Engineer: 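My structure is below; once you've seen it, I'll send some questions.
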Amino acid sequence: MFCKYCGTEINENTRACPYCKRRLTEKPEQKIVYVKSNNSLATVGFIFAWLFPIIGFFLSIAGCVCSRSCNGKGLGLALMGILISIILFAIEIWLLIHFQDILQAINEQYL
């Protein structure tokens with residue numbers, strides 16, 4: 001085998017020419033693969049936080065955990081889902097307690 005740069009006869013298994021010091025074998029072309037990583041659990045948790053706070057709470061927690069593997073994507077959305085879930089759940093509990101008293105007062109009035 002001959003060096004393609006200086007023409008000197010060299011061994012076939014040589015990667016670089018010992019005379020001109022140039023690399024004979026091409027580096028394999030490195031392909032860059034872009035992986036789109038998104039945190040679907042954070043998005044779903046945020047949506048469910050408005051509709052079904054308990055389910056949204058747990059989905060948002062899962063979104064927080066998944067944000068580590070997604071380079072932090074969706075962490076803010078997951079935290080907002082947790083916060084909204086807690087607030088709406090507290091409002092629902094307050095409404096249940098409050099309206100239960102009102103319904104009892106109405107029943108006592110008509111009985």
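What you see is a predicted model; the values in this text were computed from it and never measured. Reckoned from all heavy atoms, side chains included, excluding hydrogens, waters and symmetry mates.
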Engineer: Taking all non-hydrogen atoms of both residues into account, name the closest pair between Tyr5 and Arg22 and its distance.
Structural biologist: CD2-NH1, 3.3 Å
Engineer: May I ask you to list the residues sharing a hydrophobic cluster with Val65, side-chain cutoff 4.5 Å, ordered by chain and number?
Structural biologist: none
Engineer: Side chains of Thr43 and Leu77, heavy atoms from C-beta outward: is any pair under 4.5 Å?
Structural biologist: yes
Engineer: When you compare the side chain of Ser60 with that of Leu79, does any pair of heavy atoms fall below 4.5 Å?
Structural biologist: no
Engineer: Kindly work out whether a path of hydrophobic side-chain contacts (I/L/V/M/F/W/Y, heavy atoms less than 4.5 Å apart) joins Ile106 to Phe99.
Structural biologist: yes
Engineer: Please tabulate, for side-chain N and O atoms in residues 81-91, each donor-acceptor pair with protein atoms closer than 3.5 Å (sequence neighbours left out).
Structural biologist:
unit_1 : atom_1 : unit_2 : atom_2 : d
Ser85  : OG     : Pro53  : O      : 3.2
Ser85  : OG     : Phe57  : N      : 3.2
Ser85  : OG     : Gly81  : O      : 2.7

Engineer: What's the spacing between Leu103 CG and His98 NE2 if we round to 0.5 Å?
Structural biologist: 10.0 Å
Engineer: Atom CG of Leu95 and atom CD1 of Ile102: how far apart are they, to the nearest 0.5 Å?
Structural biologist: 9.5 Å
Engineer: Which residues, ordered by chain and number, are linked to Ile47 in its hydrophobic cluster, where ILVMFWY side chains connect at heavy-atom gaps below 4.5 Å, directly or through other members?
Structural biologist: Leu41, Val44, Phe48, Leu51, Phe52, Ile55, Leu59
Engineer: If you define the side chain from C-beta out and look only at heavy atoms, does anything of Ile10 sit under 4.5 Å from Pro18?
Structural biologist: yes
Engineer: Ignoring hydrogens, what is the shortest heavy-atom contact between Cys3 and Cys6? Give both atom names and the distance.
Structural biologist: SG-N, 3.4 Å
Engineer: Any chance you could measure Asn39, atom CG, to Cys70, atom SG, to the nearest 0.5 Å?
Structural biologist: 4.5 Å
Engineer: How close do Met80 and Phe46 get, heavy atom to heavy atom, and via which atoms?
Structural biologist: CB-CE1, 4.0 Å
